[in-house]
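One structure is given below, encoded as structure tokens.
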Amino acid sequence: MVSKSVVAALLATAVSSAAARPDPQLWKRAISLASDEVRTCSIYDEAPETKAPKENPWAPISPEDTKAVWAYLHDPATGLNLTLPANATLTDNYVFFMDTLHLNKTEVLSYIDGNGEKPPQYARVIIFEGGKIEPVSQEYMVGPLPFSDKTTIQPYDYVFNGGKGGSIPFDGRYFDGKRSAGYQSLLKNAMAEVADITKDLFDGVYYGNGDNRTDLVAASTGPNSWDGTQSFITIMFRYPGLASYMTPIDFYAILDTTGTDITTWSFRGYVTNTRFFPTAAELRAAYEAGELANEFPQTRDQTWANMERKGEMGVRDLDDRAAPQSLEVGGKRYKVDKAQNYIEYMGWSFYVSFTRILGVMFYDIKYKGERIIYELSLQEAAAQYAGNQPKAANTVYHDTYFSIGTYSATLVEGFDCPFGATMFNLSFPGSTDKTETHPQALCIFEADSGYPLARHRYGSSSNPNGFSHLASVKSSALHLRHVATVGNYDYLFDYAFHIDGSLEIEVRASGYLQSSPYYKDQGNFGPRVYQGTQGSYHDHVLTFKADFDLIDAKNSLQRTDLVVVNQTQPWFPELGIFEQMELKAYNMEKEQQFNFAPNGQSMFCIINEDKVNKWGTPRGYRIVPGRSNIHLSIDNSPFSRKSSKLLMSQLAVTKQHDTEPYANSWQNVNLPLAPQQDFAKFFDDESIENEDIVLWFNLGMHHFTRSEDVPVTLYSEAVSSIVFAPQNFNDRAQESDLLNRRWIISDPKTGAISYEDYGVELPTCKVALEEPSSKILPWSTV
Ligand SMILES: *[C@@H]1O[C@H](CO)[C@@H](O)[C@H](O)[C@H]1NC(C)=O
Ligand SMILES: *[C@@H]1O[C@H](CO)[C@@H](O)[C@H](O)[C@H]1NC(C)=O
Ligand SMILES: *[C@@H]1O[C@H](CO)[C@@H](O)[C@H](O)[C@H]1NC(C)=O
Ligand SMILES: *[C@@H]1O[C@H](CO)[C@@H](O)[C@H](O)[C@H]1NC(C)=O
Ligand SMILES: *[C@@H]1O[C@H](CO)[C@@H](O)[C@H](O)[C@H]1NC(C)=O
Ligand SMILES: *[C@@H]1O[C@H](CO)[C@@H](O)[C@H](O)[C@H]1NC(C)=O
Ligand SMILES: [Cu+2]
């Protein structure tokens, strides 16, 4: 325990014992002991409670409603003619899943901003209607909820612009387990017929899943249709094991799976050595002619590609010490209303929501009581690959297709999120009437930014310390983080509410490459990363929606170009005409897709022209490019041409409509040429000046794969971000009100140091960290 006077004495010693500058060691010690008493750090304390101003209207539907809606749908009286999924075949009608329906903004605003009634919730239900004369997938809305005798079912058509509303032809619908089951014998027969060849070339055979001779795993890819009038599937094979993604073999089977009658499905052909063989006989002829080879065999031992520590790489000096930690040593500085998923932090407030299809969403994001964003949500997480064989060359993923929300699960405290982070469960309707819970799937924590928010040293050469005043302000941010493991990849989503009023959205990717078998001289699709493995080139593009409502819903998108103009200066007439930089600001007039300017020479701001700051400037938020702001590299591929327009620009702006809540349809990926949702149709020349506007933005990366993607891609490099920062939104920087700062004064004569700490004492405490495993909870179903 060190008293302030001791600290002052230490500082004084530091200063007086040094000729002109304080002794660095003493200075450091003095700062670190500047507390009156040793306290126990409370990093495991619950966050203080708060009460949301309104009941969360965006909350996921309750387990009770999930059950009630399920029972209602399956009641023969409802007339849907449903079969229980467990009993259903392709030609039955069955519920694929239920989710929480997006509410119309118009109705929610009158509730959260006015005296309007809380808008009722609705369930979104996807029914696979194979039992209809024209078999389709149809979306429905069921409500109002809570369930009552007023609850009805209606088609959910108004959010889709492809022409058929919420209906999708059978061949374009999600390729679920029942459809996969339909081709198993076809695949098994095709592979059994050439088992001697696959054994000889690739040391693997496939007699179907479950046959004890099978020593390969089959994996499929999408899209599975062009326009919903045909269906096909490409199967690739890998060695099984923890790192199966890294040991693909060069053998593919393509099947035609059109229609609900599986007896008409057929075999399209094999691919190996970049050649296509429509029949087993043709494959065999090439094999017997010695034309097929496997120059770079895979390994069955996959220990090289798992994520255990590899002792053979040695030990780095001092790595046996625990690494630095970000700990909330002063106690939690954010408040939570757990019942409403509502959070307050340093002037920020917002509600959190969650859906199966889109994952974690944010609503009513306010800063110091004024709305910044009505809705912030992921809309799509896509990847398109390139290659010389049908898996890499033909893969386009839209991860909403897989219900990306259902893949966010257990976070490791102390590693994925700091020790002491608040952990939230994520719950969603499962594939029956049950609600599934993924415990500790969303974490919330405040973290040190790793740099001061602001500082200045007021230099003074006459002062013994070289300065008269020295100011430095702490910087931190509240993070909400979750990781969605969609197959091979672990997407880490991090939303940071910075203390300066800026909001950062960051996505990182780790997990396994969807790799390819390596061929000699084929580096144009990525490098060789192991003896038989190539890292396949691919683009990741993740589309987000930011429905800005700066103060109110009347906003514009202002573009400020930095241009070079010729001018003269009367005070330097000898220069004649010469170039200078100038700002040209103007509002973008119409809905459009657009990109950041080369060399960053344009600034894009959402502004509210009717609301000016103290200096008369319209209040705004700037769209600041972060790391790796990209768009899809290819815009005319038959695998993504019309289903993926949303991926084809870095940014887009539209006028908000209740009928356009989603950039994409979760089943769009199988309809690249006849999409259910065509993002391009959003751009119908509507004015975006002084309107309720929505910004759509893409994060992602051009994944130039590398040997450092083995065993898994690193979050350090696979990262993309964007920042929304106040631009004349306030009258001054959002730092002057903060208490966590130092204002240090150096006496001009003696150099004696005094400082103001604004009453925020540095904690001097012990921290006992809990082993993360002690907090891991089991998944559960209600
Ligand atoms: C449907 O499946 C359930 C189990 O999921 C089973 O109990 C029931 O008997 C099946 N019904 C029919 C008609 O097959
Ligand atoms: C009900 O669905 C079954 C398939 O599960 C179908 O064969 C039958 O025709 C349907 N009945 C009606 C009235 O549509
Ligand atoms: C949303 O608004 C549309 C009209 O724009 C209407 O058809 C629909 O029923 C509304 N949805 C809900 C959930 O109230
Ligand atoms: C594999 O399955 C067959 C047929 O089911 C059985 O006869 C055989 O003993 C099994 N072999 C092994 C190694 O388990
Ligand atoms: C989170 O889920 C776990 C496991 O299902 C459960 O024990 C716990 O009570 C849940 N926590 C909350 C706050 O709902
Ligand atoms: C400025 O004038 C010079 C000389 O006429 C010309 O070469 C240059 O392109 C002009 N620059 C701009 C930005 O117009
Ligand atoms: Cu990647």
Side-chain angles (χ1 to χ4, degrees), residues 46-47 49 57-63 73-74 76-95 99-111 116-125 127-136 138-145 150-161 165-166 170 178 260-261 336-341 352 354 408-411 422-428 430 434-444 655-662 692 774-782:
E46 293 268 311
E49 281 174 30
W58 306 280
I61 57 171
S62 69
L73 297 172
H74 290 84
T78 315
L80 291 166
N81 188 20
L82 298 186
T83 304
L84 283 175
N87 309 106
T89 67
L90 289 183
T91 50
D92 292 322
N93 307 319
Y94 58 96
V95 173
D99 203 357
T100 303
L101 191 98
H102 190 276
L103 294 180
N104 287 332
K105 181 178 179 182
T106 317
E107 282 145 72
V108 180
L109 283 183
S110 72
Y111 164 66
E117 289 279 293
K118 178 167 175 265
Q121 290 186 297
Y122 283 76
R124 178 176 182 182
V125 185
I127 302 184
F128 283 175
E129 299 179 332
K132 292 226 162 130
I133 292 164
E134 192 196 333
V136 293
Q138 173 69 49
E139 299 218 13
Y140 293 95
M141 51 195 282
V142 180
L145 300 177
K150 292 206 198 76
T151 303
T152 61
I153 179 166
Q154 323 159 46
Y156 186 41
D157 289 333
Y158 65 89
V159 298
F160 301 107
N161 65 16
F170 175 85
K178 293 186 198 304
T260 54
D261 180 1
V336 175
D337 182 340
K338 280 200 169 178
Q340 302 303 330
N341 289 328
V352 181
F354 182 73
S408 285
T410 314
L411 294 165
T422 301
M423 293 286 185
F424 276 78
N425 292 346
L426 294 175
S427 296
F428 51 87
K434 302 219 176 351
T435 295
E436 277 186 43
T437 296
H438 289 182
Q440 60 189 72
L442 172 67
C443 70
I444 304 179
K655 185 173 162 190
Q656 198 284 137
H657 290 291
D658 287 343
T659 52
E660 294 178 354
Y662 309 122
D692 186 1
S774 68
K775 280 189 135 190
I776 289 177
L777 304 165
W779 295 25
S780 67
T781 303
V782 184

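When a residue number appears, it is its place in the shown sequence, counting from 1. Counting starts at 1 for both ligands and their atoms, in listed order.
For ligand 2, the atoms closer than 4.0 angstrom to any heavy atom of T91 are 4 (C), 5 (O). Listed by number with element, the atoms of ligand 5 under 4.0 angstrom from any heavy atom of T437 are 2 (O). Near Y122, meaning under 4.0 Å from any of its heavy atoms, are these atoms of ligand 3: 13 (C).
Using a 30° and 60° split on the angle between ring planes, F428 and F354 fall in the tilted class, from 30° to 60°. Between H438 and W779, the angle of the ring planes lies from 30° to 60°, which puts this pair in the tilted group.
Within the 4.0 angstrom cut-off, atom 2 (O) of ligand 5 has one or more protein heavy-atom neighbours. Within a 4.0 Å radius of atom 7 (O) of ligand 2, the protein contributes no non-hydrogen atoms.
Between D692 and K105 there is a salt bridge, since a side-chain N of the basic residue sits under 4.0 Å from a carboxylate O of the acidic one.
No side-chain heavy atom of I444 sits less than 4.5 Å from a side-chain heavy atom of V352.
Looking at ligand 3, you'll find an N or O of N104 within less than 3.5 Å of one of its N or O atoms.
Proximity of L101 to ligand 3, defined as any heavy-atom pair under 4.0 Å, is confined to the side chain (atoms from C-beta onward).
Protein heavy atom nearest atom 10 (C) of ligand 2, with residue, atom name and distance: N81 ND2, 2.3 Å. Here the protein heavy atom with the shortest distance to atom 12 (C) of ligand 5 is N425 ND2, 3.2 Å. Annotation: atom 4 (C) of ligand 5 to nearest protein heavy atom, P778 O, 3.4 Å. Given atom 5 (O) of ligand 2, the protein heavy atom at minimum distance is D92 OD1, 2.5 Å. When hydrogens are left out, the protein atom nearest atom 14 (O) of ligand 3 is E107 OE1, 3.3 Å; that is the closest non-hydrogen contact.
A donor-acceptor contact closer than 3.5 angstrom is absent between the side chains of N81 and E129.
At least one heavy atom of M141 lies less than 4.0 angstrom from ligand 3.
Of all heavy-atom pairs spanning V782 and P63, the tightest one is CG1-CB, 4.3 Å. Residues Q440 and L777 approach most closely at OE1-N, 3.8 Å, considering heavy atoms.
Of the residues V142, L101, V159, the one that meets the side chain to side chain contact (heavy atoms under 4.5 Å, CB included) test with R124 is L101.
Residue T83 holds its OG1 atom at 6.5 Å from CG of N93, rounded to the nearest 0.5 Å.
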